[in-house]
Amino acid sequence: MNAFTYLAPTKIIFGKNSENKVGSLLTKGGYKNILIHYGGTSAKKSGLLDRVYAALKDANITYHELGGVVPNPRLSKVYEGIELCQAHSIDFILAVGGGSVIDSAKAIGYGVKNPADIWDLFTGKARITNGCLPLGTIVTLPAAGSEMSNVSVVTNEDGLLKRSLTHESGFCQFAIMNPELTYSLPAYQTASGATDIIMHTLERYFTTGETMPLIDSIAESLLINVMYNTKVALKNPKDYEARAAIMWAASLSHNGVTGDRNYGDWSSHQLEHELSGLFDVAHGAGLAAIWGSWARYVCQTNPARFAQLAVNVLGVPNRFNDPAATALEGIEALEEFFHSIGMPTSIHEMGIELTEEQIKELAYKCSFMGTRTIGGFQKLDLPDIEAIYRMAK
Ligand code: NZQ
Ligand code: ZN
């Protein structure tokens, strides 16, 4: 077992009507002047925003608002938020939405507190010296796990570069999670979110670091539960227990209990971020499109690990004398699952016909202009990355 440090400081308020507690949570924190940050229309349509306004009024909390965050959140909106927060001396950002809104809120929070340009923080040209403005969230989409992670992912429209920023100050202080708020999710977002949850677990599962049977069991059980409950939720979007299981799994899959982020693989995420940066696809769908190709490309590094996943999670019979065959059947079984929930298993299935030029552009950006390799399970350089995009085409 590797040595590790574990930090998960976000207070979770989970259950029906939990959003009604937002006023008292902010009052307890001493916050008086907040920014409500949200996406397009979903939180308005569902009446959630109206309930938030009412709760804040009851608690005598002043608020400003900034909506319009789009999936794969844009840097221009982040600049807008920074300006707004500075103009109104905002002391807390409340993100009402999915991963994109939460990530945009985190980026605004860094931008307000640090003298450096926010994009320089994302590219590593400058460093965070003064933390992040306090933030919290009411989650409406279980997927990215941003409510418990210290990661923010933003796309710069200039060059369509999608980059992430990880820092200890970027945790939400609280995350309100009412599974009923997810009843309105379109099937595609439910499935894409479930795929992201599965992938956060698998990225950690595929490690060359030491593994611990306890952590493997947690990860495998989480995967089985998410796969089962996604099918249930797609059939009956108002199944509370299924929605609740998926929602909690989203947080657990990205808060470090299913494995150590430092020892995981993360190639599929790096490969996908370039896809959603360039083509604006849903992150989870992009992951489903790329994963099988990545898996086939790296499988020989440790077929036994893939075979363990196949047998323990995907119900594949164990061919003890042929782990590679078991592994391959497992990869096919997970792809079959992705198809069964309406997810693509190739880039073509997302309506994109990749040209050779685009493959080279994606790979070049993914390798940070030829300056890095990706992958903890198997290191991948520029030609490897190109080969995987070509396979996933
Ligand atoms: O904008 P609105 O109208 O709210 O609609 C959203 C959006 O169109 C809709 N939606 C959200 N909640 C809903 C709803 N529709 C109906 N009912 C509801 N209750 O869903 C659409 C997608 O929302 P988005 O926030 O983009 O999805 P998700 O939560 O999957 O977040 C994706 C982003 O998170 C990043 C991804 O790269 C991507 O940019 N990630 C962030 C991570 C992190 N911070 O730790 C880790 C992840 O690996 C990921 O990279
Ligand atoms: Zn993800």
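Order of appearance sets the numbers: ligands from 1, and atoms from 1 within every ligand.
For the Zn ion (ligand 2), the N/O/S atoms of Asp196 include one lying under 2.8 Å. Residue contacts to the Zn ion (ligand 2): His254 brings no N, O or S atom closer than 2.8 Å.
Of the candidates Ala95, Ala43, Pro71, it is Pro71 that places a heavy atom closest to atom 8 (O) of ligand 1. The heavy atom nearest to atom 41 (C) of ligand 1, considering only Asp103, Thr195, Asn72, is found in Asp103. Around atom 24 (P) of ligand 1, the closest heavy atom drawn from Ser100, Pro142, Gly68 belongs to Ser100.
Contacts with ligand 1 closer than 4.0 Å are made by side-chain heavy atoms of Ser149 only, the backbone lying farther away. Contacts with ligand 1 closer than 4.0 Å are made by side-chain heavy atoms of Ala143 only, the backbone lying farther away. Proximity of Ile102 to ligand 1, defined as any heavy-atom pair under 4.0 Å, is not found for any part of the residue.
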>> If you apply the rule side chain to side chain donor-acceptor pair (under 3.5 Å), what do you find for Ser276 with Glu272, and how did you get there?
In response: CA-CA 6 Å; Ser276 46; Glu272 194 295 316; 3.0 Å; yes

> Stepwise, does the side chain to side chain donor-acceptor pair (under 3.5 Å) test hold for His254 with Arg204?
Replying inline: CA-CA 9 Å; His254 207 29; Arg204 293 172 166 90; 3.2 Å; yes

>> If you apply the rule side chain to side chain donor-acceptor pair (under 3.5 Å), what do you find for Tyr53 with Glu65, and how did you get there?
In response: CA-CA 10 Å; Tyr53 301 145; Glu65 51 184 326; 2.5 Å; yes

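For the pair Pro186 and ligand 1, the shortest N or O to N or O distance does not fall below 3.5 Å.
Using 4.0 Å as the threshold, Lys44 has no heavy atom nearer than that to any atom of ligand 1.
Rounding to 10 degrees, one finds that the Zn ion (ligand 2) sits at the corner of an angle of 100° between His283 NE2 and His269 NE2.
For Asp216 and Arg305, the salt-bridge test passes: some basic side-chain N is under 4.0 Å from an acidic carboxylate O. No salt bridge links Lys238 with Glu180; every basic N to acidic carboxylate O contact stays at or beyond 4.0 Å.
Contact detail for Leu309 and Leu223: the closest heavy-atom pair is CD1-CD1, 3.8 Å.
Two different hydrophobic clusters hold Trp119 and Phe368 under the rule that ILVMFWY side chains link at heavy-atom gaps under 4.5 Å.
For atom 16 (C) of ligand 1, a protein heavy-atom neighbour is found at a distance under 4.0 Å.
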